[in-house]
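Notes follow once the structure below has been shown.
For the single chain, residues carry numbers from 1 onward in sequence order.
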Amino acid sequence: PLLKVCDFQLNVIDEIEAHRCWIKCIEVVNDTTILSGSTDFTVKVWSINDMGKLKQLNSLDNGRGVVVIKSKNNTMVCGCSGRLNTWDLNTGQITFSFHVPDDYLRVEHLHMIDENVCLTASTDFIIRQWDFRDSKCTYEYKSHNKKIFGMVVDDYQMTMVSSCASYLNVWDLRMQTCRRQYDATHYDIASIDYNANNDTVVTGSLNSADRQGIYLWNIDEEACTPSLFGSPENQHNGTVWKLYYDSNKIISGGKDSCVKIWDAKTGSLLKAESFVAAWVTSLVVTPNMLVTSSATGDIMNFDFSPQQTDNKNTCTLQ
């Protein structure tokens, strides 16, 4: 498995051996550091300079296969089977270690509200809130009846959106209540992202012939019928595993190994490339870069810079 950096022509300008096994998750810290978590039990810390050159800074042994990682300032949280570990990135040491209720449960989604509080979604269909200061779970959100495929949080509005094959739920984290629940039975949700500016959720479907594709949900409405985003012929060929959504663009990664960039306002497909050898497992976007990983362990790093082109209907990948 390799860590790769590409230029504007998608030529590889740097290539580093990354992990021995499948990379499950990636996180970008302050646009200068990349964290990669793998089933080889390690989290690796990489620096990236202005020229796109990568350098490994550290390798952290998590003790178990890493499923999801998130960071806030210099604190990183790793979710894995039966355990939740928090790390100090400055010292490279574990500061807290929590056991989830059952060793067979796996933490699959994670969000850090601040350095002391995080939310996790596990394979028992429950979302839990953890307080590192008290070393315990302080609340459980129970509404899903199947595997939770997505969990996104807007820290400013304290709104959480979560999804499974049956429901799309909107939570008020201040009141700790489910504000809205939408029937998602016919949309086979595999991935989600949330744009709080217009109260819209984008979802990607599993590989089902009748509802395959990317859909938009207006969660400001009590009753919401999602609409297909983009034209049918431009949809991914198979499951849409990862999504990113802001006011200008939607970026999707699928089982077909493609990364696609869309105009969020018009639904036009701006760019589509097969960057990886297998399906896309992680996708993180910052103002300066797009980072993806694949099931084979490759990480690819691109500079997402729409301001560098005069054509407002196109985007540039580096």
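Hydrophobic cluster membership is shared by L228 and L168, with clusters built from Ile, Leu, Val, Met, Phe, Trp and Tyr side chains linked at under 4.5 angstrom. Hydrophobic clustering, with ILVMFWY side chains joined whenever heavy atoms are under 4.5 angstrom apart, keeps V107 apart from F41. In the hydrophobic clustering of ILVMFWY residues, with side-chain heavy atoms under 4.5 Å counting as a link, Y167 and I192 come out apart. Both V29 and I69 belong to a common hydrophobic cluster when Ile, Leu, Val, Met, Phe, Trp and Tyr are linked at side-chain heavy-atom distances under 4.5 angstrom.
Judged purely by atom type and a 3.5 angstrom limit, D40 uses its side chain to pair as donor or acceptor with the backbone of T42. A donor-acceptor pair is defined here as one N or O able to donate and one able to accept, closer than 3.5 Å; such a pair exists between the side chain of T123 and the backbone of R106. With Q235 contributing its side chain and I214 its backbone, the two residues share a donor-acceptor pair below 3.5 Å. Under the 3.5 Å distance criterion, the side-chain polar atoms of S282 are matched with a main-chain donor or acceptor of K24. Panel note: side chain E27, backbone S71; a donor-acceptor pair is recorded below 3.5 Å. A donor-acceptor pair is defined here as one N or O able to donate and one able to accept, closer than 3.5 Å; such a pair exists between the side chain of T281 and the backbone of I23. Side-chain N or O atoms of T75 include none that pairs as donor or acceptor with a backbone N or O of E115 at under 3.5 Å. A donor-acceptor pair under 3.5 Å links the side-chain atoms of T200 to the main chain of N198, judged by distance alone. With hydrogens and angles disregarded, a donor-acceptor distance shorter than 3.5 Å links the side chain of T266 to the backbone of S268. Side-chain atoms of S191 never come within 3.5 Å of backbone atoms of L243 as a donor-acceptor pair (strictly under, hydrogens ignored).
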Salt bridge (charged side-chain N to carboxylate O under 4.0 Å, His left out) evaluation trace for D155 with K72
CA-CA 12 Å; D155 291 325; K72 183 79 72 171; 3.6 Å; yes
Side chain to side chain contact (heavy atoms under 4.5 Å, CB included) assessment of Y244 paired with V202
CA-CA 8 Å; Y244 169 85; V202 61; over 6 Å; no
Let me see the working for N145 and S166 under side chain to side chain donor-acceptor pair (under 3.5 Å), right down to the final yes or no.
CA-CA 7 Å; N145 61 355; S166 301; 3.1 Å; yes
Apply side chain to side chain donor-acceptor pair (under 3.5 Å) to residues S47 and T33 and explain how you reach the verdict.
CA-CA 5 Å; S47 67; T33 305; over 6 Å; no
For I219 and Y182: C-alpha separation, side-chain torsions, deciding distance, then whether side chain to side chain contact (heavy atoms under 4.5 Å, CB included) applies.
CA-CA 9 Å; I219 60 172; Y182 300 104; 3.8 Å; yes
Under the salt bridge (charged side-chain N to carboxylate O under 4.0 Å, His left out) rule, what do R128 and D124 come out as? Steps first, then yes or no, please.
CA-CA 11 Å; R128 292 178 173 86; D124 60 353; 2.7 Å; yes
Start with the C-alpha gap between Q93 and D88, add the side-chain angles, then the distance that decides, and say whether side chain to side chain donor-acceptor pair (under 3.5 Å) holds.
CA-CA 6 Å; Q93 299 295 317; D88 185 323; over 6 Å; no
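In this structure the side chain of N195 never reaches within 4.5 angstrom of the side chain of D193, judged on heavy atoms. Inter-residue side-chain proximity for Q181 and S143 is flagged as met; some heavy-atom pair is nearer than 4.5 Å. Considering only heavy atoms from C-beta on, W241 comes within 4.5 Å of L206 through its side chain.
Considering every non-hydrogen atom in both L283 and G253, the closest pair reads CD1-N, 3.9 Å. Nearest heavy atom pair, residue S252 against residue V240, reads CB-CG1, 4.1 Å. In this structure, C224 and P226 approach most closely via the heavy-atom pair O-CD, 3.7 Å. When every heavy atom of H19 is checked against every heavy atom of S38, the shortest pair comes out as ND1-CB, 3.2 Å. Here the closest heavy-atom approach between residue A196 and residue Q157 is recorded as O-NE2, 3.7 Å. Nearest heavy-atom pair, Y194 versus D199, reported as atom, atom and distance to 0.1 Å: OH-OD1, 2.8 Å.
With side-chain heavy atoms closer than 4.5 Å counting as contact, directly or through intermediates, F125 stands alone and belongs to no larger hydrophobic cluster. Listed by chain and number, the hydrophobic cluster partners of I113 are V117, L119, I127, Y139, Y141, I148, M151, V153, M158, M160, W171, L173, where partners are ILVMFWY side chains within reach of under 4.5 Å, directly or through others.
Remark: Q129 CD to H111 NE2 distance equals 10.5 Å, nearest 0.5 Å. To the nearest 0.5 Å, atom NZ of residue K70 and atom NE2 of residue H109 are 10.5 Å apart. Atom OG of S247 sits about 4.5 Å away from atom CG of N197, to the nearest 0.5 Å. Going from atom CG of N169 over to atom SG of C164 covers 7.0 Å, rounded to the nearest 0.5 Å. If you take CG on L84 and OG1 on T86, they are separated by 7.5 Å, rounding to the nearest 0.5 Å. Interatomic distance, CG of N234 versus CZ of F229, reported as 10.0 Å (0.5 Å rounding).
Listed by chain and number, the residues in a salt bridge (Lys or Arg N to Asp or Glu O under 4.0 Å) with D61 amount to none (sequence neighbours excluded). Residues passing the salt bridge (Lys or Arg N to Asp or Glu O under 4.0 Å) test with D131, sequence neighbours excluded: R133. For the salt bridge (Lys or Arg N to Asp or Glu O under 4.0 Å) test, no residue two or more places apart in sequence or in another chain qualifies with K260. A184 meets the side-chain contact (heavy atoms from CB on, under 4.5 Å) test with I189, W217; sequence neighbours excluded. With sequence neighbours left out, the side-chain contact (heavy atoms from CB on, under 4.5 Å) criterion links A264 to Y245, I250. Here D256 pairs with H236, N237, C258 under the side-chain contact (heavy atoms from CB on, under 4.5 Å) rule; sequence neighbours left out. Residues satisfying the side-chain contact (heavy atoms from CB on, under 4.5 Å) test with T225, not counting sequence neighbours, are Y187.
Within a 6.0 Å sphere centred on CG of D134, heavy atoms belonging to other residues, nucleotides or ligands number more than 12.
Between K271 and D263 there is no salt bridge, since no side-chain N of the basic residue sits under 4.0 Å from a carboxylate O of the acidic one.
Residue pairs that meet the ring-ring contact (aromatic ring centres under 6.0 Å, His included) test with at least one member in residues 53-97, sequence neighbours left out, are F96-F132. Here salt bridge (charged side-chain N to carboxylate O under 4.0 Å, His left out) pairs that include residues 216-238, with residues two or more places apart or in two chains, are R180-E222. Pairs of residues two or more places apart, or lying in two chains, never qualify as salt bridge (charged side-chain N to carboxylate O under 4.0 Å, His left out) while including a residue from residues 156-175.
Annotation: cation-pi pair K44/W46 absent, no NZ/CZ under 6.0 Å from the ring centroid and within 45° of its normal. Both the sub-6.0 Å distance and the 45° axial angle are satisfied by K147 relative to the ring of F149.
Neither side chain, N30 nor T32, offers a donor N or O lying under 3.5 Å from an acceptor on the other.
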